[in-house]
Amino acid sequence: MGNMTATTARRVLLAAPRGYCAGVDRAVIAVEKALEQYGAPIYVRKEIVHNKYVVQTLEKKGAIFVDETEEVPEGSIVIFSAHGVAPVVHEEARQRRLATIDATCPLVTKVHKEAVRFAKEDYDILLIGHEGHEEVIGTSGEAPDHITLVDGPQDVENVEVRDESKVVWLSQTTLSVDETMETVDALKERFPALISPPSDDICYATQNRQTAIKQVAAEADLVIVVGSKNSSNSVRLVEVALGAGAKAGHLVDFASEIDEAWLEGVTTVGVTSGASVPDVLVEGVLEWLAERGFGDVEVVQPMQESLTFSLPKELRRDLRAEAAVAAAEAAPAETL
């Protein structure tokens, strides 16, 4: 080993930031707290976050995941996923007398509010995003008559608007930053009066994870992104890594999905994870790599993250009430 030059030594470049964002953390904790507070079963409409392991773990604790509101028994508790829902879903829940806990990420809610505001002002809204993604369905539902989906730069030529002087673009929060700007540029060419949202809709976590993996990818023979196939931001991380110079890139849910053949001729492996991925899954990948001679791990961290969100208001209310009751019960009788 001693005569191996530093350049051929096997190493792992571990991207940071990676993994859980503030919105995912909040949504997962919301389901756990609801189970503790109200007892199982707690119904969740759609996957709370797009991660196989997280969903399986919560199912074991008593969460029941459904696709449609009508699958939730009348009068039960339902949690809306981090990706947000259209107003009609809130209406369906009211009709079924469901108690709702809305775990929509606040950064998604921000985009919903932008959609409502621009629709009120009668703009044509060009929503950049992936057709069929839950977040896009939710945002579109805020103003279906005003919103046109633009699914990437190649879709721009198909866009039709009523008034070219009143057009705004919004986007899904989990897209490729570079590709989205490419789409925006193409839209601006067609519609010079196009205005932008008050602040970029792609969220901080998506942007930071892409920035970090770009830095890693430039030096990597192979990039492994931990994440699920239906996780938009995780799929984008593979694309961004390949675009930034990684020789190969793969998305895996678990270490067991890694193919040893990927390591042939590889000296540098880049590792990151999508915003709905718990770090235990990344640790599993690092252990798998260490067993195969890739034990030298260097963290590449272009920026720090510190954002957190408070729990959904419906839960905070009941947790506060419970704390107040507990405090009263704990107090000595004469002070009551």
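Just so you know, residue 1 is the first one in the sequence shown, and it goes up from there. The shown structure was predicted, so the numbers you read here are calculated from the model rather than taken from an experiment.
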key: Atom of Glu114, atom of Ser199 and distance for their closest heavy-atom approach   = OE2-O, 4.0 Å

task = Might you confirm whether atom CD of Glu131 has over 12 heavy atoms from other residues, nucleotides or ligands at distances under 6.0 Å?
result = no

ask   = Is the CD atom of Glu121 crowded by more than 12 outside heavy atoms at less than 6.0 Å?
value = yes

key: 4.5 Å side-chain heavy-atom contact, Lys214 and Asp178   = yes

task = For atom CD of Glu189, decide whether the heavy atoms of other residues, nucleotides or ligands shown that lie under 6.0 angstrom number more than 12.
result = no

Gap separating the CG atom of Asn51 from the CG atom of Asp253, nearest 0.5 angstrom = 6.0 Å

task = Drop me the distance from Asp25's CG to Cys105's SG, to the nearest 0.5 angstrom.
result = 11.0 Å

message = Looking at every non-hydrogen atom in both residues, tell me the closest pair between Ser234 and Gly274 and how far apart they are.
response = OG-CA, 3.3 Å

task = Please step through side-chain hydrogen bond (donor to acceptor under 3.5 Å, both in side chains) for the pair Asp102 and Thr104, ending with a clear verdict.
result = CA-CA 6 Å; Asp102 190 352; Thr104 303; 2.5 Å; yes

key: Reported CZ-to-CD distance for the pair Arg96 and Glu74, which is rounded to 0.5 angstrom   = 5.0 Å

note = Taken to the nearest 0.5 Å, the spacing of His112 NE2 from Leu170 CG works out to 10.5 Å

message = Does either side chain, that of Thr139 or that of Gln172, offer a donor lying less than 3.5 Å from an acceptor on the other one?
response = no

ask   = Are the charged groups of Arg94 and Glu91 less than 4.0 angstrom apart, N to O?
value = yes

ask   = Given Phe191 and Val159, is the side-chain contact (heavy atoms from CB on, under 4.5 Å) satisfied, shown in steps?
value = CA-CA 10 Å; Phe191 309 111; Val159 176; 3.9 Å; yes

query = Taking Gln154 for the side chain and Asp151 for the main chain, is one N or O donor matched with an acceptor at less than 3.5 Å?
reply = yes

task = Grab the two heavy atoms, one from His83 and one from Glu134, that are nearest each other, plus how far apart they are.
result = ND1-OE1, 3.3 Å

task = Kindly indicate, with the supporting measurements, whether the criterion side-chain contact (heavy atoms from CB on, under 4.5 Å) is fulfilled by Trp262 and Val252.
result = CA-CA 12 Å; Trp262 298 345; Val252 300; 3.9 Å; yes

ask   = Considering all heavy atoms of both residues, which atom of Ser81 and which atom of Glu47 are nearest to each other, and what is their separation?
value = CB-O, 3.2 Å

ask   = Under a single-linkage definition using a 4.5 Å side-chain heavy-atom cutoff for Ile, Leu, Val, Met, Phe, Trp and Tyr, are Ile79 and Val66 assigned to the same hydrophobic cluster?
value = no

ask   = Does the pair Asp279 and Ser273 meet the rule for a side-chain hydrogen bond (donor to acceptor under 3.5 Å, both in side chains), with working shown?
value = CA-CA 8 Å; Asp279 226 31; Ser273 56; 4.7 Å; no

key: Side-chain touch Gln207/Asp200, heavy atoms, less than 4.5 angstrom   = yes

inquiry  = Can you give me the closest heavy-atom contact between Leu35 and Ala63, atom names plus distance?
reply    = CD2-N, 4.0 Å

message = Assess whether a salt bridge exists between Asp185 and Arg190, defined as any Lys/Arg side-chain N lying under 4.0 Å from an Asp/Glu carboxylate O.
response = no

task = Check the hydrophobic clustering (I, L, V, M, F, W, Y; side-chain heavy atoms under 4.5 Å; chains of links allowed) and say if Val282 and Leu222 are grouped together.
result = yes

ask   = Is Arg10 paired with Asp296 through a side-chain N to carboxylate O contact shorter than 4.0 Å?
value = no

task = Provide the closest heavy-atom pair for Leu315 versus Ile101 in the form atom of the first, atom of the second, distance.
result = CG-CD1, 4.1 Å

ask   = Shared ILVMFWY cluster between Val85 and Val111, side chains joined below 4.5 angstrom?
value = no

task = Report whether Ile213 and Leu242 are members of the same hydrophobic cluster (ILVMFWY, side-chain heavy atoms less than 4.5 Å apart, transitive linking).
result = yes

task = Flag the pair Leu194 / Val168 as yes when at least one side-chain heavy-atom distance between them is below 4.5 Å, and no otherwise.
result = no

task = May I ask you to check whether over 12 heavy atoms, not counting those of Lys113, lie within 6.0 Å of atom NZ?
result = no

ask   = Are any of the side-chain heavy atoms of Leu13 and Arg11 separated by less than 4.5 Å?
value = yes

ask   = So, Tyr38 versus Asp318: side-chain donor-acceptor pair below 3.5 Å or not?
value = yes

Asp124 side chain to Val161 backbone, donor-acceptor under 3.5 Å = no

ask   = Got Val78 and Val44 here, is their nearest side-chain heavy-atom distance under 4.5 Å?
value = no

task = Test side-chain hydrogen bond (donor to acceptor under 3.5 Å, both in side chains) on Ser310 and Arg316 and set out the steps.
result = CA-CA 8 Å; Ser310 52; Arg316 284 203 311 262; 3.0 Å; yes

query = Could you walk me through whether Leu319 and Gln37 pass the side-chain contact (heavy atoms from CB on, under 4.5 Å) check?
reply = CA-CA 8 Å; Leu319 293 169; Gln37 179 75 11; 3.3 Å; yes

Polar side-chain atom of Asp201 near backbone of Ser171 as donor-acceptor pair, under 3.5 Å = yes

message = Do the side chains of Arg162 and Asp122 get close enough for a salt bridge, i.e. N-O under 4.0 angstrom?
response = yes

task = With Ile125 as reference, evaluate Ile147, Asp145, Thr148 under the side-chain contact (heavy atoms from CB on, under 4.5 Å) test and give the passing residue.
result = Ile147

message = Under a 3.5 Å distance rule, please check whether Arg209 uses its side chain to pair with a backbone N or O of Thr206 as donor and acceptor.
response = no

inquiry  = Grouping I, L, V, M, F, W and Y whenever their side-chain heavy atoms are under 4.5 Å apart, do Val177 and Val156 come out in a common cluster?
reply    = yes

ask   = Can you tell if the side chain of Gln210 reaches within under 4.5 Å of the side chain of Glu239, non-hydrogen atoms only?
value = no

request  = Using only heavy-atom distances, determine whether the side chains of Arg236 and His130 contain a donor-acceptor pair under 3.5 Å.
outcome  = yes

query = Would you say Val216 and Thr272 make side-chain contact, with heavy atoms under 4.5 Å?
reply = no

message = Would you compute the distance between atom NE2 of His90 and atom CD of Gln95 and round it to the nearest 0.5 angstrom?
response = 13.5 Å

key: Between CG on residue Leu175 and CD1 on residue Ile202, distance to nearest 0.5 Å   = 5.0 Å

key: More than 12 heavy atoms from other groups under 6.0 Å of NZ on Lys110   = yes

key: Val269 and Leu289: CA distance, side-chain angles, deciding distance, side-chain contact (heavy atoms from CB on, under 4.5 Å) verdict   = CA-CA 9 Å; Val269 180; Leu289 288 167; 4.0 Å; yes

message = What I'd like to find out is whether the side chain of Val285 reaches to under 4.5 Å of the side chain of Phe254, using heavy atoms alone.
response = no

request  = Run through Ser232, Ser231, Ser276 and flag the one making a side chain to side chain donor-acceptor pair (under 3.5 Å) with Thr174.
outcome  = Ser232

ask   = Step by step, would you call Asn208 with Glu305 a side-chain hydrogen bond (donor to acceptor under 3.5 Å, both in side chains)?
value = CA-CA 9 Å; Asn208 290 350; Glu305 283 179 356; 3.0 Å; yes

